[in-house]
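Since the structure is predicted, the reported quantities are computational estimates derived from the model, not experimental observations. Remember, it's 1-based here, ligands and their atoms both numbered in the order they're listed.
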Amino acid sequence: VHGGVVISLERLRRVRGLEPELWRMNVEAGVNTADVSRLARENGLIFPPDPGASEQSHIGGNVATNAGGPHAFKYGPTGAWVSGLEAVLAPGELATVGSATRKDASGYDLRGLLVGSEGTLGILTAVQLRLAPAPALALPLVAFIADLSSAQRALLEILGSGLQPAALDFLDAAAFALAAGSFPGKPPGEFTRSSERDGGGVVLLIELDGSPGEVDEQLAELDQVLGPYEESPLQRPAPSALWRWRDGLNGAIASVRGGKVSEDICVPPERLEEAIHAVYLLGAELSLPTCVWGHAGDGILHATFMVDVSSPAELERGLQASERSLALALSLGGSISGEHGVGYVKRTYLGADWDGATVAAHRHVKEALDPKGLLNPGKKDPLAGSPPAE
Ligand SMILES: Cc1cc2nc3c(=O)[nH]c(=O)nc-3n(C[C@H](O)[C@H](O)[C@H](O)COP(=O)(O)OP(=O)(O)OC[C@H]3O[C@@H](n4cnc5c(N)ncnc54)[C@H](O)[C@@H]3O)c2cc1C
């Protein structure tokens, strides 16, 4: 954006330490995220964060964006699994922040500050990760719900029941229809119908985990909660088939018209229905085919507008839809990003809902750690330019 140099960390690939009996791993920033998960699994453990692009992304990038995924509902995003960091801080000194200790209440939480800082405060070179014992059983389930308002009520009942599924994701029927051909189960006959005000029905993707007894108990309770809302009994796709299918969704949706504009906005979970209606209104107003999917339990919705990338007018409308969906999230008491971060594209909306003291504190942190403004300049900078008028 402003010129400068690109620093590639892809050759920092060493696993510095793996201590399965202590549930921890120390890896360099360029280690592939999927390799971190694989190594944990091979040792009877899990590294729960599961962002969609895990084969393409690096653990350093995941920590820098505090990436999340379906299992963040129970286990939290990447930052929840980072106990220590090694980073290069301005003016170019190696710093070790945190350690392998499981708790640290001593200094300011510099670890927490660097997590999610998107390369604007320092360059992460290695990460000390926590791992967890793998649950004996993980049971993926799919529920088909006829309409959005029933799905909203079902979600609130699941949350209110105290059940804590490992994952609680959703797709509306419009999104589901685009990948229905490869769905590892059988949707009820009428399901892919659409509605004018939203995407029609809702598919919940749920995973329960624990010991076989715990999973049985949760399943009985979930069945009871969801029973009145479901189109057909809960389906049980083969383990791993569901998430493999879910990982392919992004590409399937993008391929419909050649491109898509999709924002990872986040709202309080009780406002998902409202948010989805508003996203469809936006799509209708801008004449863009729309679908919505995301992490229901965390209130994250990928507000998605499909565009023909060869049409400049359509791309322009896609950008408008994207900006207006950020404003929408803020108007519902939500956030412009629930998992992907802010970067450059969303900068004009960062801080639009903060008070002056918060904006100032955010800027002071940047000035203290990067006094010359050399690290990813212009990014994650609150109120960098005014948001376009509604
Ligand atoms: C198909 C697809 C699916 C995705 N699904 C998800 C998802 O489910 N959840 C989610 O959260 N995100 C998702 N993303 C967004 C993105 O892939 C993730 O946020 C990922 O964590 C970024 O990691 P990366 O290694 O690719 O980082 P990059 O894209 O290379 O960098 C991201 C930012 O972090 C900074 N950065 C990278 N490495 C470091 C470092 N070592 N030190 C300091 N700063 C650094 C960069 O400067 C940049 O600002 C998806 C992206 C794609 C393309």
Q: Strictly inside 4.0 angstrom of atom 32 (C) of ligand 1, do you find any protein heavy atom?
A: yes
Q: Could you tell me whether a side-chain N or O of Trp243 sits under 3.5 Å from a main-chain N or O of Pro70, the two making a donor and an acceptor?
A: no
Q: Please could you name the atoms of ligand 1 that Gly119 approaches to less than 4.0 Å, counting only its heavy atoms?
A: 43 (C), 44 (N)
Q: Return the residue, atom name and 0.1 Å-rounded distance of the protein heavy atom closest to atom 18 (C) of ligand 1.
A: Thr65 OG1, 4.2 Å
Q: Find all atoms of ligand 1 within a distance of less than 4.0 Å from any non-hydrogen atom belonging to Gly122, and give their numbers and elements.
A: 43 (C)
Q: Taking both backbone and side-chain atoms of His58, is any N or O found less than 3.5 Å from an N or O belonging to ligand 1?
A: yes
Q: Please tell me if atom 8 (O) of ligand 1 is touched by the protein, where touching means a protein heavy-atom distance below 4.0 Å.
A: yes
Q: Taking atom types as modelled, is there a side-chain donor on Asp147 or Ser150 under 3.5 Å from an acceptor on the other?
A: yes
Q: Taking atom CZ of Arg38 as the centre, report whether more than 12 heavy atoms of other residues, nucleotides or ligands fall under 6.0 Å from it.
A: yes
Q: Give a yes or no on whether the backbone of Ile300 and the side-chain of Asp298 come within a donor-acceptor separation of less than 3.5 Å.
A: no
Q: Which ligand 1 atoms, with their elements, are less than 4.0 angstrom from a heavy-atom of Leu124?
A: 40 (C), 41 (N), 42 (N), 43 (C)
Q: Tell me which protein heavy atom sits closest to atom 46 (C) of ligand 1, plus the residue, atom name and distance to 0.1 Å.
A: Asn376 ND2, 4.1 Å
Q: Looking just at side-chain N and O atoms, do Glu339 and His302 make a donor-acceptor pair shorter than 3.5 Å?
A: yes
Q: Should you measure from each heavy atom of Gly68, which atoms of ligand 1 turn up under 4.0 Å away?
A: 7 (C), 8 (O), 9 (N), 10 (C), 11 (O)
Q: Considering heavy atoms of the protein only, find what lies nearest to atom 52 (C) of ligand 1 and give residue, atom and distance to 0.1 Å.
A: Ala53 CB, 3.7 Å
Q: Among Gly61, Gly294, Gly30, which one has a heavy atom closest to atom 27 (O) of ligand 1?
A: Gly61
Q: For Glu339 and ligand 1, does the shortest N/O to N/O distance drop below 3.5 Å?
A: yes
Q: Any nitrogen or oxygen of Ile123, side chain or backbone, less than 3.5 Å from one on ligand 1?
A: no
Q: With a 4.0 Å cut-off, strictly under, does atom 29 (O) of ligand 1 pick up any protein heavy atom?
A: no
Q: So, applying side-chain contact (heavy atoms from CB on, under 4.5 Å) with Asn66, which one of Val115, Val82, Leu114 is it?
A: Val115
Q: Under 3.5 Å, is there a donor-acceptor pair between the side chain of Arg347 and the main chain of Tyr344?
A: yes
Q: N/O of Asn62 under 3.5 Å from N/O of ligand 1, yes or no?
A: yes
Q: Classify the side-chain pair His295/Asp169 by whether it contains a donor and acceptor separated by less than 3.5 Å.
A: yes
Q: Can you check whether Phe176 reaches Trp293 side chain to side chain, under 4.5 Å on heavy atoms?
A: no
Q: Out of all atoms in ligand 1, which are within 4.0 Å of some heavy atom of Asn250? Include the element for each.
A: 1 (C), 2 (C), 3 (C)
Q: Step through it carefully: locate the ring centre of Trp81, locate the ring centre of Phe47, and say whether they are under 6.0 Å apart.
A: no
Q: State whether the shortest distance between N or O atoms of Ala64 and N or O atoms of ligand 1 falls below 3.5 angstrom.
A: no
Q: Starting from atom 26 (O) of ligand 1, find the nearest protein heavy-atom neighbour and note its residue, name and distance.
A: Ser57 CB, 3.5 Å
